[in-house]
Amino acid sequence: MQEELPPFPGFQPAAFTFLKNLAANNEREWFKARKATYDDEIVWPMHCLLIEAAREAAGRGLQLTAQPKKAMFRIYRDTRFSKNKAPYKTASGAVLSRDGTRKSPGGVYVHLEPGQCFLAAGFWHPENDALRAFRAAMANQPDDFLAMVEQTAKAGLEVESDEQLKRMPRGYEEHADTPIAPYLKWKSFTIAKPVKDKAMQTPAFMEEVVDFMGNVHPLLQYGWKITG
């Protein structure tokens with residue numbers, strides 16, 4: 001069962017101030033003394049947003065939900081293999097997915113960071129088996145993928161990849177001169193939308209999230225269908 005929480009109140013200016021100050025004071029003692037502010041101004045409203053958006057999504061027939069504690073990314077950085085030993089992230093993020101957790105493939109991501117807020121969705125660097133499934137499906141039925149790209153474009157959104165191969169993947173050379181060729185080189189299938197800080201400070205941002213969820217659902221459904 002989902003938590004009983006009030007409607008999303010918006011992320012107040014204090015949330016942005018906290019993250020700005022954290023970037024300038026990325027130390028354990030500083031954070032420990034202000035953890036209550038982090039919980040009150042970022043964690044709690046994010047939980048409210050996730051629960052309300054999940055409820056609205058269910059009403060619209062969208063296969064996206066959230067378990068807030070399992071949907072939010074930790075503020076603590078893993079510094080074991082990094083030269084950057086700063087202990088905390090200076091942004092907050094959470095996911096709505098099919099099972100409500102951040103580990104479920106294919107979902108909608110909410111990113112809170114002063115001056116760099118955004119919404120994103122899709123399959124970012126899927127595992128090898130899933131990536132092979134994407135390529136096989138695109139090669140076998142290219143019109144289905146292209147139709148999905150066109151459908152999201154009508155909503156003003158672009159399916160893209162942050163990384164791609166320089167050459168056609170092995171076994172797909174015969175598709176080099178087809179409309180699907182550029183997409184076969186991709187390593188991710190995502191959609192992103194920048195959001196202004198002020199937009200995230202109002203309760204109306206919840207509706208923007210749900211509308212985004214609806215507009216990116218064709219990409220998510222495509223990926224879920226071929227990857228299981």
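This structure is a prediction, so every number in the text was calculated from the model and none was measured.
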Chi angles and distances behind the side chain to side chain donor-acceptor pair (under 3.5 Å) call for T101, D99: CA-CA 6 Å; T101 73; D99 67 6; 2.9 Å; yes
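- Rounding to the nearest 0.5 Å gives a distance of 6.5 Å between CZ of F11 and OG of S92.
- Once rounded to the nearest 0.5 Å, the distance linking CD of Q116 with NE2 of H111 reads 6.5 Å.
- The shortest non-hydrogen separation linking S97 to G106 is CB-O, 4.0 Å.
- Using a distance-only test at 3.5 Å, with no hydrogens or angles considered, no donor-acceptor pair links the side chain of R102 to the main chain of G93.
- Linking ILVMFWY residues whenever their side-chain heavy atoms come closer than 4.5 Å, directly or via other members, places V210 and L157 in the same cluster.
- At a threshold of 4.5 Å between non-hydrogen side-chain atoms, the residues W124 and D162 count as touching.
- The backbone N or O of M72 sits nowhere less than 3.5 Å from a side-chain atom of H47 that would complete a donor-acceptor pair.
- A salt bridge links K193 with E208: the closest approach of a Lys/Arg side-chain nitrogen to an acidic carboxylate oxygen falls below 4.0 angstrom.
- Between the side chain of S161 and the backbone N or O of E163, at least one donor-acceptor pair lies under 3.5 Å.
- When the side chains of ILVMFWY residues are joined at heavy-atom separations under 4.5 Å, either directly or via intervening members, M206 and L119 end up in a single hydrophobic cluster.
- When side chains are defined from C-beta on, F212 does not count as touching V195, because their heavy atoms never get closer than 4.5 Å.
- One N or O on the side chain of K85 and one on the backbone of T79 form a donor-acceptor pair closer than 3.5 Å.
- When side chains are defined from C-beta on, E4 does not count as touching I51, because their heavy atoms never get closer than 4.5 Å.
- More than 12 heavy atoms of other residues, nucleotides or ligands lie within 6.0 Å of CH2 in W224, so this atom counts as buried by the packing criterion.
- Among residues two or more places apart in sequence or in another chain, the side-chain contact (heavy atoms from CB on, under 4.5 Å) test is passed with R28 by P87, Y88.
- W44 has its side chain within reach of P6: a pair of non-hydrogen atoms, C-beta onward, lies under 4.5 Å apart.
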Derivation and outcome, side chain to side chain contact (heavy atoms under 4.5 Å, CB included), residues Y76 and F31: CA-CA 11 Å; Y76 309 99; F31 181 86; 3.9 Å; yes
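- A 4.5 Å side-chain heavy-atom check between P7 and C48 finds every atom pair outside the cut-off.
- By the rule that hydrophobic residues join a cluster once side-chain heavy atoms approach within less than 4.5 Å of another member, I42 and W30 end up as members of one cluster.
- Among all heavy-atom pairs drawn from P45 and G10, the shortest one is CB-O, 4.2 Å.
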Please table the atom pairs, donor to acceptor, closer than 3.5 Å between any side-chain atom in residues 134-151 and protein atoms at least two apart or in another chain.
{"residue": "R135", "atom": "NE", "partner": "L184", "partner atom": "O", "Å": "2.9"}
{"residue": "R135", "atom": "NH2", "partner": "W186", "partner atom": "O", "Å": "3.3"}
{"residue": "N140", "atom": "ND2", "partner": "A136", "partner atom": "O", "Å": "3.0"}

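- The 12-atom threshold is not exceeded at NZ of K70, counting heavy atoms of other residues, nucleotides or ligands nearer than 6.0 Å.
- A57 and L64 get closest at one heavy-atom pair: CB-O, 3.7 Å.
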Side chain to side chain contact (heavy atoms under 4.5 Å, CB included) assessment of Q201 paired with Q12: CA-CA 5 Å; Q201 295 176 17; Q12 300 307 303; 5.8 Å; no
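- Put simply, OG1 on T65 and CD on Q67 are 7.5 Å apart, with the number rounded to the nearest 0.5 Å.
- The closest donor-acceptor contact from the side chain of Q63 to the backbone of G61 lies at 3.5 Å or more, if one exists at all.
- The local environment of CG in D177 is sparse, with at most 12 non-hydrogen atoms from other residues, nucleotides or ligands closer than 6.0 Å.
- K89 places a side-chain N or O within 3.5 Å of a backbone atom of R74 that can act as its donor or acceptor partner.
- A donor-acceptor pair under 3.5 Å is formed between the side chain of D197 and the backbone N or O of G115.
- A distance of 8.5 Å separates CZ in F205 from CG in L112, rounded to the nearest 0.5 Å.
- Placement of L219 and V110 within a single hydrophobic cluster is found when ILVMFWY residues are connected by side-chain heavy-atom separations under 4.5 Å, directly or transitively.
- One finds the OG1 atom of T90 at 5.0 Å from the CD atom of E113 (value rounded to the nearest 0.5 Å).
- In terms of heavy atoms, T227 sits closest to A133 at CG2-CB, 4.4 Å.
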Side chain to side chain contact (heavy atoms under 4.5 Å, CB included) assessment of F123 paired with L220: CA-CA 8 Å; F123 300 80; L220 297 176; 4.3 Å; yes
L19/Y38 under side chain to side chain contact (heavy atoms under 4.5 Å, CB included): CA gap, chis, key distance, verdict: CA-CA 9 Å; L19 290 173; Y38 168 70; 5.7 Å; no
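- Inter-residue side-chain proximity for F16 and C117 is flagged as met; some heavy-atom pair is nearer than 4.5 Å.
- Cluster annotation: I180 is connected to V159 through the hydrophobic network of ILVMFWY side chains, with a link wherever side-chain heavy atoms come within less than 4.5 Å.
- K185 places a side-chain heavy atom less than 4.5 Å from the side chain of M168.
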Chi angles and distances behind the salt bridge (Lys or Arg N to Asp or Glu O under 4.0 Å) call for R60, D211: CA-CA 10 Å; R60 300 187 190 188; D211 287 343; 3.0 Å; yes
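- Atom CE in M200 sits 10.0 Å away from atom CZ in F118 (nearest 0.5 Å).
- P105 places none of its side-chain heavy atoms less than 4.5 Å from the side chain of P126.
- More than 12 heavy atoms of other residues, nucleotides or ligands shown are found within 6.0 angstrom of CD on E160.
- Judged by distance alone, with hydrogens and angles left aside, the side-chain atoms of T152 form no donor-acceptor pair with the main-chain N or O of V216 at under 3.5 Å.
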